[in-house]
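Below: one structure, written as structure tokens.
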Amino acid sequence: MQWTLLVPLKALARAKSRLADTAGDGLRPGLALAFAQDTVAAALACAAVRNVAVVTDDSLAGRELAALGARIVPDEPEGGLNAALAHAASVVRSRSPESAVAALNADLPALRPLELARVLDAAAEFPRSFLPDAAAIGTTLLAAAPGRELLPAFGTASRARHRASGAVELGLDAVDSVRQDVDTGDDLRAALALGVGPRTAAAAARLLIPGQSGC
């Protein structure tokens, strides 16, 4: 099964506010963009991925991610993350009604294509499924097979909400790079330990992160 990934990205100026203790206001937008670039590049390199649609109204992010090969979908109807993802899924399926779609976080800078392929191959066995984040509270990927609605329920405690919605939780080992999203300084250190993509590595090199050589 080939997948279309929906990657939501808020305006860079408002992104990653919880990294304030690690990155100042002048660095966070660039760090958020680097996360998204490394996430999208890894996703496009995954054999199970047909294409990537980034959901954003940020003009800089749109240009940079389109240059990597992503399609840019406007953030409509401006009703929040879940409404934007539902709209993006409908846009994708208006052109390819039988597309398998999956929402993927934009802050997975350590993402590895082979691990993403494992997750998507497992997701293909179920009508709807999801992968919890490294903290086991949120969700980094929500998948819907052809003919099934995505029904995103991202936000606080989304793991419990996606499970309650009937989506199957994917209990996979050795897919840490698909689970390690970055919201806090500790998350960033964990991602760096896994090994991040080149853009995040360059952006993180400008930060003073204890325990990280070269940073």
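Positions are given from 1, in the same order as the sequence printed here.
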Please evaluate residues Leu188 and Asp183 with respect to the criterion side chain to side chain contact (heavy atoms under 4.5 Å, CB included), reporting the C-alpha separation (whole Å), side-chain torsions for both, the decisive distance (0.1 Å), and the verdict. CA-CA 7 Å; Leu188 179 55; Asp183 289 317; over 6 Å; no

Do [X] and [Y] share a hydrophobic cluster, counting only Ile, Leu, Val, Met, Phe, Trp and Tyr and linking them when any side-chain heavy atoms are less than 4.5 Å apart?
{"X": "Leu116", "Y": "Val40", "result": "yes"}
{"X": "Leu141", "Y": "Leu6", "result": "no"}
{"X": "Leu172", "Y": "Leu120", "result": "yes"}
{"X": "Leu104", "Y": "Ile137", "result": "no"}
{"X": "Leu12", "Y": "Leu81", "result": "no"}

Roughly how far apart are [X] [atom1] and [Y] [atom2], rounded to 0.5 Å?
{"X": "Thr56", "Y": "Leu33", "atom1": "OG1", "atom2": "CG", "result": "9.5 Å"}
{"X": "Leu5", "Y": "Leu44", "atom1": "CG", "atom2": "CG", "result": "8.0 Å"}
{"X": "Asp121", "Y": "Trp3", "atom1": "CG", "atom2": "CH2", "result": "9.0 Å"}
{"X": "Leu111", "Y": "Gln180", "atom1": "CG", "atom2": "CD", "result": "11.5 Å"}
{"X": "Leu131", "Y": "His162", "atom1": "CG", "atom2": "NE2", "result": "12.0 Å"}
{"X": "Leu108", "Y": "Asp38", "atom1": "CG", "atom2": "CG", "result": "10.5 Å"}

Minimum heavy-atom separation for [X] and [Y], please, with both atom names.
{"X": "Ala203", "Y": "Ala34", "result": "CB-CB, 4.1 Å"}
{"X": "Ala143", "Y": "Ala123", "result": "CB-CB, 3.8 Å"}
{"X": "Ser99", "Y": "Arg50", "result": "OG-NH1, 4.5 Å"}
{"X": "Ala36", "Y": "Leu9", "result": "CB-CD2, 3.9 Å"}
{"X": "Lys16", "Y": "Ala32", "result": "CG-CB, 4.0 Å"}
{"X": "Val196", "Y": "Ala201", "result": "CG2-N, 3.6 Å"}

So, do [X] and [Y] sit near enough that their side-chain heavy atoms are less than 4.5 Å apart?
{"X": "Leu65", "Y": "Gln37", "answer": "yes"}
{"X": "Leu194", "Y": "Arg112", "answer": "yes"}
{"X": "Met1", "Y": "Pro146", "answer": "yes"}
{"X": "Val49", "Y": "Gln2", "answer": "no"}
{"X": "Val54", "Y": "Val73", "answer": "no"}
{"X": "Asn105", "Y": "Thr39", "answer": "no"}
{"X": "Arg71", "Y": "Val52", "answer": "no"}
{"X": "Phe154", "Y": "Leu142", "answer": "yes"}

Checking the side chain of Arg118 only, and the main-chain atoms of Asp173 only, is there a donor and an acceptor separated by less than 3.5 Å?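 Looks like yes, one N/O pair under 3.5 Å.
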
Strictly distance-based, threshold 3.5 Å: is any side-chain N or O of Arg161 a donor or acceptor partner for the main-chain N or O of Ala153?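 Such a contact is found between Arg161 side chain and Ala153 backbone.
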
Is it true that, when you exclude Glu76 itself, more than 12 heavy atoms of the residues, nucleotides or ligands shown sit nearer than 6.0 Å to its CD?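 Atom CD in Glu76 is packed in, count exceeds 12.
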
Evaluate whether atom CG of Leu114 has more than 12 neighbouring non-hydrogen atoms of other residues, nucleotides or ligands under 6.0 angstrom away.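 No.
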
Pairing of Arg189 and Asp186 as salt bridge, 4.0 angstrom limit: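 Here Arg189 pairs with Asp186 in a salt bridge, since their nearest N and O are under 4.0 Å apart.
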
Charged N-O contact under 4.0 Å between Asp58 and Lys10: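 No, no charged N to carboxylate O under 4.0 Å.
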
Output, in order, the C-alpha distance, side-chain angles, deciding distance and verdict of side chain to side chain contact (heavy atoms under 4.5 Å, CB included) for Leu31 and Leu207. CA-CA 10 Å; Leu31 202 56; Leu207 306 177; 3.9 Å; yes

Begin from the C-alpha positions of Arg199 and Phe35 and carry the test side chain to side chain contact (heavy atoms under 4.5 Å, CB included) through to its verdict. CA-CA 7 Å; Arg199 298 166 186 85; Phe35 293 166; over 6 Å; no

According to the side-chain hydrogen bond (donor to acceptor under 3.5 Å, both in side chains) rule, which pairs have a member within residues 126-135, sequence neighbours left out?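 Applying side-chain hydrogen bond (donor to acceptor under 3.5 Å, both in side chains) to every pair that reaches into residues 126-135, excluding sequence neighbours, yields Arg128-Ser165.
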
Begin from the C-alpha positions of Asp75 and His87 and carry the test side chain to side chain contact (heavy atoms under 4.5 Å, CB included) through to its verdict. CA-CA 8 Å; Asp75 184 355; His87 169 72; over 6 Å; no

